[in-house]
Amino acid sequence: MRLHEYQSKSIFSHYGIPIPKGRIANTAGEVKQIAEELGGRVVIKAQVLVGGRGKAGGIRLAKSVEEAEEIATHILSMNLKGLPVRRVLVDEIVNFSKEIYLGITNDRMERKPVIIASGAGGVDIEEVAREYPEKIMKVYLDAPFGLHDYQTRNLAIGIDLPRELWKSFNQIAKGLWKAFKENDAAIAEINPLVVTNQGFLMALDGKMIVDDNALFRHPELVETRDLDAEEPVEVEARKYGLSYIKLQGNIGCMVNGAGLAMATLDLIKEKGGSASNFLDIGGGANSDKVSTAIRIISADPSVKVILINIFGGITRCDEVARGILASINNQNKKIPLVVRLAGTNAEKGLDLLTGSHVRTATSLDEAAMKVVEIARRKNK
Ligand code: GDP
Ligand code: MN
């Protein structure tokens with residue numbers, strides 16, 4: 001679950017990280033009022049769950065209350081990378097001399113949390129990481145021991161931070177680590193952490209992603225979940241208990257079981273194709289869930305063909321077949337389906353499918369070959 005900037009910054013502030021004064025607004029009228037309270041000079045920031053808002057025009061400075069209202073009207077009518085802007089954060093303007101990047105995530109290869117810092121923070125951090133990797137400092141943590149003073153000092157030296165800011169940097173890094181750990185975050189990031197003209201450190205932007213699998217421990221966060229701001233297909237998939245993750249390819253996949261889904265993606269890759277999604281319908285799915293899954297996969301315009309790979313255990317293949325047939329009847333665009341059914345009631349399922357335009361396969365290997373072939377033909 002991705003948190004908005006204002007939510008992340010509010011959490012950071014609970015952990016002692018300085019943030020600008022500001023409030024969230026739904027209308028240009030509210031923005032005007034907040035701008036008045038803050039003295040007129042404010043920054044207005046679109047609250048949408050995408051990166052690079054600054055470059056996309058979603059962050060603008062206003063020099064007066066009138067200008068703030070004008071800019072707010074404009075930003076609140078924008079679409080940023082496909083997502084409508086429904087709310088803006090209005091913050092006091094902070095003038096700064098340096099932008100720092102500071103983030104924590106889990107490094108899966110090292111099996112450890114890693115804290116990353118750079119003296120070249122700001123909107124071009126991705127480019128910096130690509131072109132000048134030596135400007136990115138990394139320190140690995142041992143989770144039970146947390147972050148040590150010497151580690152934050154090494155980071156501070158690495159990013160050329162003036163000595164008088166080391167103490168404050170140490171407190172901010174430790175606060176970020178605590179926020180990361182206690183909220184079961186996958187990412188906690190400040191970009192930029194600025195050195196203000198008054199000479200202290202402040203978090204101007206905040207980003208947090210909380211591990212969905214830990215959300216049961218954070219009912220207070222779930223309550224603030226902003227479904228309007230998330231990828232609509234992922235929201236719908238979640239509602240039906242389907243694990244759906246969008247990928248870059250053109251072969252849709254519907255599979256039962258996460259392991260089988262991974263194996264299916266690997267096999268598609270091996271045959272020279274690429275999957276458009278990961279989708280696990282889970283165990284014991286009924287026909288409704290199956291047809292919903294197919295509808296969600298088909299909604300992606302890049303999908304040329306769908307591979308359905310079911311190994312029936314608790315899941316019954318005849319129930320899956322019924323779901324497939326229902327989805328064919330409701331589909332307006334005809335996307336070819338290749339179905340491999342094995343296990344519980346597979347024969348019954350395949351019987352149900354004869355006579356429909358569904359292609360079947362007896363092995364996963366054959367099914368993968370077929371979908372890759374169809375995807376290739378349709379791409380021409
Ligand atoms: P992002 O583009 O989505 O990462 O949004 P940010 O909140 O990081 O804002 C982008 C850039 O706008 C920052 O890197 C800053 O350079 C600038 N910015 C954001 N807030 C302020 C502010 O209060 N004052 C000034 N002068 N610049 C700001
Ligand atoms: Mn940023």
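One is the number of the first residue; the rest follow in order along the sequence. Remember, it's 1-based here, ligands and their atoms both numbered in the order they're listed.
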If we ignore angles and hydrogens, is there a donor and acceptor under 3.5 Å between the side chains of [X] and [Y]?
{"X": "Asn250", "Y": "Ser276", "result": "no"}
{"X": "Asp300", "Y": "Ser302", "result": "yes"}
{"X": "Tyr244", "Y": "Glu236", "result": "no"}
{"X": "Glu69", "Y": "Thr73", "result": "no"}

Less than 2.8 Å away from the Mn ion (ligand 2), how many protein N/O/S atoms can be counted, ignoring water? 2

Note, Arg359 side chain near Ile374 side chain (heavy atom, < 4.5 Å): yes

I'd like to know if Lys9 and Asp205 make a salt bridge, using a cut-off of under 4.0 Å between side-chain N and carboxylate O. no

When you measure from the side chain of Asn26 to the backbone of Arg87, do you find a donor-acceptor pair of N or O atoms at a distance under 3.5 Å? no

Please identify each residue that fulfils side-chain contact (heavy atoms from CB on, under 4.5 Å) with Glu92, with sequence neighbours left out. Pro20, Lys21, Val94, Met202

May I have all residue pairs that pass ring pair (Phe, Tyr, Trp, His ring centres under 6.0 Å) and include part of residues 121-148, sequence neighbours excluded? His148-Tyr150

Return the protein residues near ligand 1 (heavy atom under 4.0 Å from any of its atoms), ordered by chain and residue number. Val43, Lys45, Gly52, Arg53, Gly54, Ile59, Glu92, Ile93, Val94, Phe96, Glu99, Gly122, Val123, Asn191, Pro192, Leu204, Asp205

